[in-house]
Number of protein chains: 2
Amino acid sequence: MKIDPRHLEILAAIVDRGGLTEGAAALGRSQPSVSRTLAQLEARIGAPLFRPGRRPLQPTEIGLALAEQGRAVLKAGRAAAELVDRHRSGQAGLVRAGGTPIFMDGVVAPMIARFNEALPGVRVDQSYGYAEELIARLRGGAIDIAVLPLTREGVPADMAFRPLLPGLNVIACRQGHPLARRRLLTPGDIAHYPWIAPPPESPLYRDLRRALARIGAEDFRISFSGGSLASVLSVLTGSDSLTVLPYSVVFLLRETSRITALSLEIGHPERIVGLLSPATAEPAPAVRRFRDFLAAQFEALGRRIFRHRTDQLWR
Amino acid sequence: MKIDPRHLEILAAIVDRGGLTEGAAALGRSQPSVSRTLAQLEARIGAPLFRPGRRPLQPTEIGLALAEQGRAVLKAGRAAAELVDRHRSGQAGLVRAGGTPIFMDGVVAPMIARFNEALPGVRVDQSYGYAEELIARLRGGAIDIAVLPLTREGVPADMAFRPLLPGLNVIACRQGHPLARRRLLTPGDIAHYPWIAPPPESPLYRDLRRALARIGAEDFRISFSGGSLASVLSVLTGSDSLTVLPYSVVFLLRETSRITALSLEIGHPERIVGLLSPATAEPAPAVRRFRDFLAAQFEALGRRIFRHRTDQLWR
DNA sequence: CGGTCAATATAGCCTTGCGTTATGAAAATC
DNA sequence: GATTTTCATAACGCAAGGCTATATTGACCG
């Protein structure tokens, strides 16, 4: 005996509101419609759901029991409607964001913390990867959005790229490092200190090699490699090591982690850190919210960096 | 955003079965129907429920969340179907039975115990009353069935009466009572002992008065009144009191309660204990089951009484 | 006891949802 | 790359259920 769950809903509404008219009003349908549905339901199960010829309506035993189930249906329906509403407004959902490791840890993660505070209903799933892999995972639907540095030409045709910051990398060291105050650096200066190497497949590493080659420092000593941001910072502040980091990371962490940048800019000037997402379909509302939130955060960050630079210039 | 609970059911089935075809099969509907409903649902909530172009089907976040609600609907639907099936077969429900107090306690309650054992899903609600009140409550729908003694003419036109046993009352006393062995009783014998009086409005009481008047014992001493069966038995077995009880009650309790009957039959010969229920509508299946069960029990009881009498005759 | 009011049932009509089968398209599997 | 499985689309018809209008029936009250 299969029963239409909508009929159970109607029954529950009638029982709970204590009348057919009120029940109909609560459900937003007309009284005759509800009346007929009720009659149909009674005919189908072959038993009266209400004591006949009694007003106010009194449910029978089976009527009461079925109304109980109807309430469960009603509850599920309300929960579903709530979910959909929250999903549509972007206040609930899942955002799967991928990005280059150091940048995610150093810059994006604090922004995600603020995003979580603003929209507690949205879950953010963070993962790490480099350009090629991130693009593949975007295509495969494994992630919704990627934060990574790209050149203009590097943007795939089927993707939308939203620039955020210039992809500037710098050589970082601890505050108080012997080289920190020096305006002019020679290959010899640099070769003298041990290096923390970013993973070989990372853009950071390629930038490092290229930059050092350009200033003539062909070989350099690597004392540590393979760590994620937390380890890198730990080693960096505990020694005279040098490493290469995105400028924004150094900027953000210069106070709390006591690091600074050498006055030597490296990296592609035409490479830009931005948000990459599939251009094909409209993203889920939560993803759009996340994207817009990150964009705003990065814009603010860009302004802070700019102000900091002009301040330094004046100083 | 109101969502049709049936659509949630379908979504749950698809997610749980891992495919549209299997889901359709599980729900007993065709694959295209399910496919279209799913497409409709997606259009309505404005978000994909499954990752597009992926097989096997992978639900999205919102799809998964809504499927959860769909499971709740499915569960309620199954519970409702189960309830209806059990109700229809009379294995669940509520029977509200009323009857004359002593008779209900002494005869019907043990039968209800057996009935409960046979159909554990059916709840029996027992209440007490005399003919007039019982009939009014049957009419008012407050009880489903009544057990009471009636004359043929006393059966209301709108009621069905199912005879069970002759409405025979006897004078009861403890076993070993001085009068128990006497074959012939005089008014003097009876007047000598104190009486336990049934409630003044009960048929037992009227029978008692009439019977005593007929044998000339006009006045009698009342030592106890107002108690229900348990109290009456207690007083009866603890003293030389007499009282009037339905013969079937004495018969059933003669062993366990050590009571017996004087050889003096009283009461209307044309009054019959039976089951009274409204003739208007078909009773609920559980009520019918109860009625039939009681009828069978009473028939068995009648046979036991008959056998006992013939045994006694032979002895 | 009968009139009045409010609530429920019925009637008639029409829209819409959803059932079906047939068939096309696409993804997975070998 | 062929095959098979699975999902989407199309076209059609039936029945459920929406509506308004109206009849009927308990409940309440003088």
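In what follows, chains are A, B, ... by sequence order, proteins preceding strands, each numbered from 1.
With B/Glu42 contributing its side chain and B/Leu49 its backbone, the two residues share a donor-acceptor pair below 3.5 Å. In this structure, the side chain of B/Asp144 engages the main chain of B/Arg96 through a donor-acceptor pair within 3.5 Å.
Going from atom CD1 of A/Ile10 over to atom P of C/dT8 covers 14 Å, rounded to whole Å. Taking atom CZ of A/Arg51 as the reference point, atom P of D/dG26 lies 16 Å away to the nearest angstrom. Rounded to whole Å, atom C1' of D/dA16 lies 16 Å from atom CG of A/Leu38. At whole-Å resolution of the value, CG in A/Leu20 and P in D/dT24 are 19 Å apart. Between the CZ atom of A/Arg29 and the C1' atom of C/dT15 there is a distance of 15 Å, given to the nearest Å. The CZ-C1' distance, from B/Arg17 to D/dC7, rounds to 18 Å in whole Å. Residue B/Glu9 contributes atom CD, which lies 12 Å from atom P of C/dC18 at whole-angstrom precision. In this entry the distance linking CZ of B/Phe50 with P of D/dT6 reads 15 Å, nearest Å.
One finds a side-chain N or O of A/Gln40 lying less than 4.0 angstrom from the OP1 or OP2 phosphate oxygen of D/dG17. Proximity of A/Ser35 to the phosphate of C/dT8: no side-chain N or O atom is located under 4.0 Å from OP1 or OP2. Of the side-chain N and O atoms in B/Ser30, one or more sit less than 4.0 angstrom from OP1 or OP2 of C/dT20. For D/dG17, the OP1/OP2 oxygens have a side-chain nitrogen or oxygen of A/Arg6 closer than 4.0 Å. In terms of phosphate contacts, A/His7 brings a side-chain nitrogen or oxygen within less than 4.0 Å of OP1 or OP2 of D/dG17. Side-chain nitrogen and oxygen atoms of A/Thr21 include at least one within less than 4.0 Å of the OP1 or OP2 phosphate oxygen of C/dT8.
A/Arg36 comes within 4.0 angstrom of a base, heavy atoms only.
Closest to the side chain of B/Asp4, out of C/dT8, D/dA8, C/dC18, is C/dC18. Closest to the B/Pro32 side chain, of the nucleotides D/dC7, C/dT8, D/dA10, is D/dA10.
Mapped onto DNA chain D by nearest heavy atom, A/Arg44 and A/Gln31 fall at different nucleotides, with A/Arg44 at the one closer to the 5' end.
The pair B/Asp207-B/Arg210 counts as a salt bridge, with a side-chain nitrogen and a carboxylate oxygen less than 4.0 angstrom apart.
Here the rule is side-chain contact (heavy atoms from CB on, under 4.5 Å) with B/Leu41, and of B/Arg6, B/His7, B/Arg36 only B/His7 fits it.
In the model, A/Ser127 has a side-chain atom that pairs as donor or acceptor with a side-chain atom of A/Arg137 under 3.5 Å.
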